[in-house]
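This report refers to the structure that appears directly beneath it.
Keep in mind that this is a model prediction, so the values were computed, not measured.
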Amino acid sequence: MQFPYADGAAVHHAAYMRGLKPDPELWVDEWADGYMRIPRDTGAAEPGKYRTARTPYAREPMRCLSPAHPSKRVVTMVASQLMKTQIALNWIGALIHMAPSNILTLLPSLGLAKRVSSRIGKTLTAIPELKSRVAASRSRDARNTMDTKEFEGGTLYATTAGSAANLAELSARYVYGDEIDRWDVDVDQEGDPIKLAEARGSTFGRNAKFYFSSSPTIKGASRIADLFEMSDQRYYYVPCPNCGHMQRLEWERLMYSTDFSTVHYQCSGPECDVLIEEHQKGEMLANGEWRSHSTGDGETVGFHLNALYAPLGWHSWAMLAREFEEAKRAADRGELEPMQVFYNTRLAEVWDSAIEQTKAEVLQARALQEDYVLGTLPVGALALTASVDVQANRLELMVMAWGAGMERWVIDHQVIPGDPADERTWALLDGRLKIRYPHPCGVSLAILATGIDSGGHHTHEVYQFTRVRRWRNVFALKGASKPGRPVIAQRPSQVDVTWKGQTERNGAELWIVGTDTAKDWIYNRYSFEQGPGALHFAKDLPDEFFQQCVAERKVARYVKGYKRIEWVKSKAERNEALDLMVYNLAMANFLGLHRYGEHDWDKLRQALAQASLFDQSEPQPARPQARERDDDQAEEATSPAPSLAPVRRSDPPPPAPRAAPQPPQRRSSTSGYLKRR
């Protein structure tokens, strides 16, 4: 039996002639109206032939995504389930049909990348013009898989933005980034993933096109908001059915009854107070237009749209009103997460939880009313702790005083310039930590415990500094941003090991700090002006210090479908002051001050008063008792040390004071089993 062989010449001729045939020159929206089909098996609410007239506001973003449009970057900061993903599908289909080249699709997680890739595959199969151009899906064939779809003229890659390798191993003329506010801030310590993604199209010059879409998240931390700010900031204006006044639909003008049976939108026209019915929205959207609010950078086009523009039959105004009232009731109970979700996913606005927090201006105004300056102690101060934040070119030191009920005073804040890799920088810090601060009763208070952040790029230097100063309660700290962790761990981790891999008993110790718990404690007491838990500031602290104290916000994020409460800060803001307060709180907990009752604080007051009776005696500064020390360290600790006072350019030198007694040491438990190991 003979089998017919394929005619290679005929195949070559057919492919050659098809290549000579010009592709249709259509705008993306025109292509979508002519070719796009929404498959039924994708679970879409309205499957079948795509019609741009159903969502008229999507026409201009698709025009800007067309290869013939001069814009380089298109940004859509839009409410959820409104137009973002469908625009991307229309764009990808038009590119494969009319201007094929490599397409890179980036999603925040691998699971979402698989779902979007599956939807793209079903869409390509449903459109005959695209199905004939895309390689068939077959087993043992890498041309058409879940994350790779090869077509004539290029390849579509769908992957996650969480790996630097995914953003560096290929070049792509077109890049689509979805839900970019859920991307990692720094991918494998190689930089901003958006910059890395755009670098994939650098070889295509002005022919490259980038499309980024997302619902916004947190003020100061939202990437889509940053991209929208650098764009021409277009908003969709619709006419009033009564007076024709062009206006943006804003949440503040939505009016509804208590039972949500009646919902209207109030026209913003200067001479029109008509209440617009929702059934008139279809006509309004059809006659709407995008208007730019900024000049932008000249190559980025940005679009903003909230859920009030949703077509009839989608998310109604009554449903939005009901969601808002539910979020408002939750906010009254202290639960801000539902309101944040409403702002982000329905209004497409960044969420600023700082509106519920104490402002920096309030803290600064309170500081101006205090009667003490840096380097001095108020009467209520009974114990001192210190904390150090390690930066690339400096060390920042904060000394905090503690009184009855954990009332706090910021006593000192100094910046020690110098490279932390230089031993001289640490020598300066060592001298500052030995300074004693004069108390109004006539004695001097020494720093009882010091915590140094070891989570940066100078971990080894921190270990080296703290290793030989454990007897002075100088410890290395590392923050753990996990809800529910204690402010400071029950016991430290031994970080020094021998060549046999065994931990050294007297080596450096690392204490883990529950930063989320500590920040909750601090922020919840910012509003206290006097009494237990209140925080006082020296009147001569710089303005920037107070901004750093409130630099972070507590927000809710959803990771793999689970809600996670996190503390975040703006990319441009500094938070060293807040970190230093967290570490001071950890040291206070290490000393056990949080367990003190009124009787314990009274004993400290009496000890201070008794010590002040012996002013004429020769001062004998006392060292904090170590929890454990070597024999040679114990001998050094018992030897007298010179008395030091805080060095201030404007303050006169204080009289020679006596050392104050120490608070009881923090109790700790030991394990014989661990010692045997």
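Ring geometry for Tyr174 versus Trp91: interplanar angle over 60°, hence perpendicular rather than tilted (30 to 60°). The aromatic rings of His69 and Trp27 lie perpendicular to each other, with more than 60° between the two planes, well past the 30° mark.
The backbone N or O of Arg59 lies less than 3.5 Å from no partner atom in the side chain of Thr52, so there is not a single donor-acceptor pair. Judged purely by atom type and a 3.5 angstrom limit, Arg253 uses its side chain to pair as donor or acceptor with the backbone of Gln266. The backbone N or O of Thr155 lies less than 3.5 Å from a partner atom in the side chain of Asn102, making a donor-acceptor pair. Between the side chain of Asp181 and the backbone N or O of Arg223, at least one donor-acceptor pair lies under 3.5 Å. Looking at Ser214, its side chain never comes within 3.5 Å of a backbone N or O of Pro216 through a donor-acceptor pair.
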Step-by-step side chain to side chain contact (heavy atoms under 4.5 Å, CB included) determination, His304 to Arg234: CA-CA 6 Å; His304 180 276; Arg234 303 186 185 186; over 6 Å; no
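Side-chain contact check for Ser66 versus Met98: every heavy-atom pair is 4.5 Å or farther apart. A 4.5 Å side-chain heavy-atom check between Cys243 and Glu271 finds every atom pair outside the cut-off. Counting heavy atoms from C-beta on, the side chains of Leu26 and His97 never come closer than 4.5 Å. Residues Tyr309 and Val238 have side chains in contact (heavy-atom distance under 4.5 Å, counting atoms from C-beta outward). Considering only heavy atoms from C-beta on, Glu299 stays 4.5 Å or farther from Arg206 through its side chain.
Residue-environment remark: CD (Glu283) stays at or below the threshold of 12 foreign heavy atoms within 6.0 Å. The number of heavy atoms from other shown groups lying within 6.0 Å of NZ (Lys49) is above 12.
Every residue two or more places apart in sequence or in another chain that forms a side-chain contact (heavy atoms from CB on, under 4.5 Å) with Gln86 is listed here: Met36, Ile38, Tyr50, Leu89, Asn90, Arg119. Checked against side-chain contact (heavy atoms from CB on, under 4.5 Å), Glu278 has the following partners two or more places apart in sequence or in another chain: Lys281, Leu312, Ser316, Trp317.
Among all heavy-atom pairs drawn from Ala79 and Arg346, the shortest one is CB-O, 3.4 Å. The two atoms that bring Arg291 and His293 nearest to each other are O-CD2, 3.6 Å, heavy atoms only. Scanning all heavy atoms of the two residues, the minimum distance from Val274 to Cys240 falls at CG1-SG, 3.7 Å.
Between Lys359 and Glu361 no salt bridge is recorded (no basic side-chain N to carboxylate O distance below 4.0 Å).
Thr159 pairs with exactly one of Thr148, Leu104, Leu107 by the side-chain contact (heavy atoms from CB on, under 4.5 Å) rule, that one being Leu104. Exactly one of Met77, Glu349, Gln81, Arg182 qualifies for a side-chain contact (heavy atoms from CB on, under 4.5 Å) with Ser215. That residue is Arg182.
For the atom pair OG1 (Thr76) and OH (Tyr211), the distance works out to 3.5 Å, reported to the nearest 0.5 Å.
Within the structure, ring pair (Phe, Tyr, Trp, His ring centres under 6.0 Å) pairs that include any residue of residues 261-292 comprise Tyr236-Trp290, Trp290-Phe303 (at least two apart or interchain).
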